[in-house]
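Read the structure below first, then the notes.
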Amino acid sequence: KTTKNTTICVSHEEDADGISSAALIKQAFGGSTILVDYPGMMDSIEPLRTDEELKEVFICDLGLNKKNESEFVELMSVLRKRKVKVTYIDHHDLDKKIIRQLEKSNVKVIHDTNECSTVQVYNAFKKKLNDHSAFIAACAAITDYMEDRPLGSKLLQIFDRQFALISATVLTYNIVGHQNDPDYLLYLVDELSESKYPHEIPNTYEFAQIQVGKLAEVISKVKKSMKVKKNLGYMEITDSGASGAVNFVLGLSGKEVGVAYKERVDYGIYAVSVRGSKTCKTHLGKLVNRLSTEFGGSGGGHDKACGASIPKSKISKFINACLLYTSPSPRDATLSRMPSSA
């Protein structure tokens, strides 16, 4: 009989919250890491179904959407029937029905939309973690704009604010700039799990400097090529990540919603990033989840920051729908606040 001895953490590869969650799980429980992006998420975790040595799985910072939630629940229940321990830790908007289904299969669900995933990992397992892990969690909170939340702000208070800000920023630029280098991302997980500060990891500051130069070029491109409709700025990005450019689109358009999208040739889709200004009243994560499903894609996220995968042929319809449902006119404002199941 095969001995079950494998611990695996599956986490989000595209930002510091996913990478840091994986690092803290590694520090607390050992095992190996699988890093995934949203379009390839289900394909990447499907092999777990037949892994006979699997003892425990942690899934971190991977929000579900209408397109994949039932498939995800089914896979988790298969693992539970095989007596694999499963812990799901996330902070994206999630249908309560899905939480109930996961809990019914005895998946341990740690879910709070008010704190980033790494802070929740730290809070759940701090007895198994060292002091340095609080710093990693504080950096993750900063990069997810959640350092003002109850637990996140408490962690940030332990450290010098500017030290934490520069560490979080350097870490983020190294993650975003190495999205095509999965080995480097796994190396970052390992280094952080061994209590390294970002500045102690070779060449991180030099690499961040290169990324800053690239972002400065993106600003001038956004100014030149961005299109603006009533309450929305949008742009196709060709030479950087959409998530890196979308904040410039939002800010420079002066509108309530910014949309940036980049072609993913491997999946025949656009990877879309959406951001809302402080005055945007629509919960963009719920709206994007609903609209992306209608257009044959998938997506979701937070109220003011979310993402989607949209089939190439549907991108104009998606942008127009975002425009309609975030429009400030009374009728559309009502529609925009419809529940995500509508």
Side-chain angles (χ1 to χ4, degrees), residues 9-29 33 35-38 58-63 87-93 110-126 128-179 184-201 204 208 211 241 243-244 247 273 301-302 304-307:
C9 174
V10 183
S11 196
H12 189 202
E13 71 183 9
E14 293 175 297
D15 64 18
D17 194 24
I19 298 288
S20 302
S21 294
L24 295 200
I25 292 292
K26 184 154 200 157
Q27 190 184 112
F29 299 96
T33 306
L35 296 173
V36 303
D37 62 2
Y38 279 109
F58 295 90
I59 293 169
C60 303
D61 195 37
L62 286 168
T87 306
Y88 176 78
I89 306 163
D90 190 53
H91 65 130
H92 299 88
D93 189 69
I110 299 171
H111 181 264
D112 182 357
T113 55
N114 213 26
E115 302 281 355
C116 76
S117 297
T118 312
V119 166
Q120 293 183 70
V121 171
Y122 173 79
N123 199 47
F125 306 119
K126 55 178 175 252
K128 293 178 177 285
L129 294 163
N130 64 25
D131 293 347
H132 185 269
S133 59
F135 181 73
I136 303 298
C139 287
I142 289 167
T143 57
D144 260 27
Y145 301 96
M146 300 184 93
E147 78 273 21
D148 59 342
R149 306 303 165 90
L151 296 175
S153 61
K154 214 170 165 185
L155 291 177
L156 187 55
Q157 280 166 19
I158 302 169
F159 307 99
D160 174 73
R161 183 177 176 79
Q162 300 310 128
F163 179 65
L165 287 172
I166 194 166
S167 301
T169 302
V170 166
L171 181 59
T172 294
Y173 283 171
N174 276 269
I175 291 165
V176 170
H178 284 99
Q179 284 301 299
Y184 181 83
L185 298 174
L186 288 169
Y187 163 72
L188 274 186
V189 171
D190 289 348
E191 294 286 274
L192 293 172
S193 75
E194 287 165 16
S195 300
K196 296 254 179 82
Y197 288 105
H199 71 267
E200 294 176 314
I201 302 169
T204 48
Q211 289 301 109
S243 60
N247 290 319
S273 284
H302 309 295
K304 303 230 182 325
C306 57

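The analysis underlying the following values was restricted to heavy atoms, covering all of them including side chains, and did not include hydrogens, waters or symmetry mates.
Every residue two or more places apart in sequence or in another chain was checked for a side chain to side chain donor-acceptor pair (under 3.5 Å) with Lys154, and none qualifies. For Ser11, there are no side chain to side chain donor-acceptor pair (under 3.5 Å) partners two or more places apart in sequence or in a different chain.
Residues Thr87 and Ile59 are not in side-chain contact: their nearest non-hydrogen atoms beyond the backbone lie 4.5 Å or more apart. The shortest distance between side-chain heavy atoms of Glu115 and Asn123 does not fall below 4.5 Å. Contact of the His92 side chain with the Leu62 side chain is not registered, since no non-hydrogen atoms from C-beta on lie closer than 4.5 Å. Between Ile89 and Ser21 the shortest side-chain heavy-atom distance does not fall below 4.5 Å. Taking the side chain as every heavy atom from C-beta outward, Tyr38 and Glu14 approach each other to under 4.5 Å. Between Ser117 and Asp90 the shortest side-chain heavy-atom distance falls below 4.5 Å.
More than 12 heavy atoms of other shown residues, nucleotides or ligands fall within 6.0 angstrom of atom OH in Tyr187.
Here salt bridge (charged side-chain N to carboxylate O under 4.0 Å, His left out) pairs that include residues 17-28, with residues two or more places apart or in two chains, are Lys26-Asp190. Counting only residues at least two apart or on different chains, no side-chain hydrogen bond (donor to acceptor under 3.5 Å, both in side chains) pair has a member in residues 155-164.
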**Prompt:** Where do Leu185 and Gln179 land on the side-chain contact (heavy atoms from CB on, under 4.5 Å) test, with the steps shown first?
**Reply:** CA-CA 8 Å; Leu185 298 174; Gln179 284 301 299; 4.0 Å; yes
**Request:** Given side-chain contact (heavy atoms from CB on, under 4.5 Å), test Tyr122 with Leu24 step by step and report yes or no.
**Result:** CA-CA 7 Å; Tyr122 173 79; Leu24 295 200; 4.0 Å; yes
**Request:** Start with the C-alpha gap between Thr143 and Asp15, add the side-chain angles, then the distance that decides, and say whether side-chain contact (heavy atoms from CB on, under 4.5 Å) holds.
**Result:** CA-CA 8 Å; Thr143 57; Asp15 64 18; 5.8 Å; no
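For the atom pair NE2 (His12) and CG (Leu35), the distance works out to 9.5 Å, reported to the nearest 0.5 Å. A distance of 9.0 Å separates CD of Glu13 from CG of Leu186, quoted to the nearest 0.5 Å. Here Glu191 contributes atom CD and Ile19 contributes atom CD1; the two are 13.0 Å apart, rounded to the nearest 0.5 Å. Note that CG of Asp61 and OG1 of Thr118 are 6.5 Å apart. Values are rounded to the nearest 0.5 Å. Here CD of Gln120 is found 5.0 Å from CG of Asp112. Values are rounded to the nearest 0.5 Å.
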Which pairs of donor and acceptor atoms, one on a side chain in residues 167-177, lie under 3.5 Å apart (sequence neighbours left out)?
from, atom 1, to, atom 2, distance (Å)
Ser167, OG, Phe163, O, 2.7
Thr169, OG1, Leu165, O, 2.8
Thr172, OG1, Ala168, O, 2.9
Asn174, OD1, Tyr184, OH, 3.2
Asn174, ND2, Val170, O, 2.8
Asn174, ND2, Thr204, O, 2.9

Just distance, no hydrogens or angles: give the donor-acceptor pairs under 3.5 Å from side chains in residues 128-142, sequence neighbours left out.
from, atom 1, to, atom 2, distance (Å)
Asn130, OD1, His132, N, 3.1
Asn130, OD1, Ser133, N, 3.2
Asn130, ND2, Ser195, OG, 2.7
His132, NE2, Ser195, O, 3.4
Ser133, OG, Asn130, O, 2.5

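The two residues Arg149 and Thr113 come nearest to each other via the heavy atoms NH1-O, 3.9 Å. Here the shortest heavy-atom pairing between Gly301 and Asp93 reads O-CB, 3.7 Å. Across every non-hydrogen atom of Thr33 and Ala22, the tightest pair is CG2-CB, 3.8 Å.
Ring centers of His91 and His111: at least 6.0 Å apart, outside the cut-off.
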